[in-house]
Amino acid sequence: GAKQLETGAWLPSACYKIVIDMRGAAWRVMAFLMEQEIPPYTRLRSRMVSIDEIEERTGIDFFPQVLDEAFEEEVASRLWPIRGPLVWFR
C-alpha cells in the first residue's frame, strides 16, 4: 500500500496510465501499471496490463458507459506508434 513520508504526504505504491486511441468506430487501448519499486531501465512493455487489473487495484470503474468488459480484459500486445492495430474493437 501507500506509505506516508516524513512531510506527511502520501506516496502511492504504484501509478497507472490508460491510453485510448479512437479512430471512427475502431479503438485501441494501452494500460500501464508502474510500481514505485521497479528497477531502473525497466522496459515499458513489461508494465502493460489490462484496464481490469487497474480497476481491481484502484477500485475505480473506468469508462463504465463506453467500454464493455471484453475490451477491459485485453492487454495490448505492443507499444505505439507501430503501424497497424494493437487491440482494435469495432
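Excluded from the calculations below are hydrogen atoms, water molecules and symmetry mates; all remaining heavy atoms, backbone and side chain alike, are included.
- Interatomic distance, OG1 of T42 versus CD of E37, reported as 11.5 Å (0.5 Å rounding).
- Atom-to-atom distance recorded for E56:CD and S50:OG is 8.5 Å, nearest 0.5 angstrom.
- Minimum interatomic distance between P12 and A2 (heavy atoms only, all atoms of both residues): CA-CB, 4.0 Å.
- A heavy-atom distance below 4.5 Å is not found between the side chains of M48 and L33.
- The 12-atom threshold is exceeded at CD of Q36, counting heavy atoms of other residues, nucleotides or ligands nearer than 6.0 Å.
- By the salt bridge (charged side-chain N to carboxylate O under 4.0 Å, His left out) test, E35 is found to be paired with R47, R57, residues two or more places apart in sequence or in another chain being considered.
- Through side-chain heavy atoms spaced under 4.5 Å, either directly or across other Ile, Leu, Val, Met, Phe, Trp or Tyr residues, L11 is tied to L5.
- One finds the CD atom of E53 at 13.0 Å from the CZ atom of F32 (value rounded to the nearest 0.5 Å).
- At a threshold of 4.5 Å between non-hydrogen side-chain atoms, the residues V29 and I18 count as touching.
- Taking NZ of K17 as the start and CD1 of I54 as the end, the distance is 11.5 Å to the nearest 0.5 Å.
- Other residues, nucleotides and ligands contribute more than 12 heavy atoms inside 6.0 Å of the CD atom of Q4.
- Put simply, the side chain of I51 does not reach to within 4.5 Å of the side chain of Y16, judged on heavy atoms.
- Put simply, CZ on F62 and CD on E55 are 6.5 Å apart, with the number rounded to the nearest 0.5 Å.
- W10 and I60 end up in different hydrophobic clusters when Ile, Leu, Val, Met, Phe, Trp and Tyr side chains are linked at under 4.5 Å.
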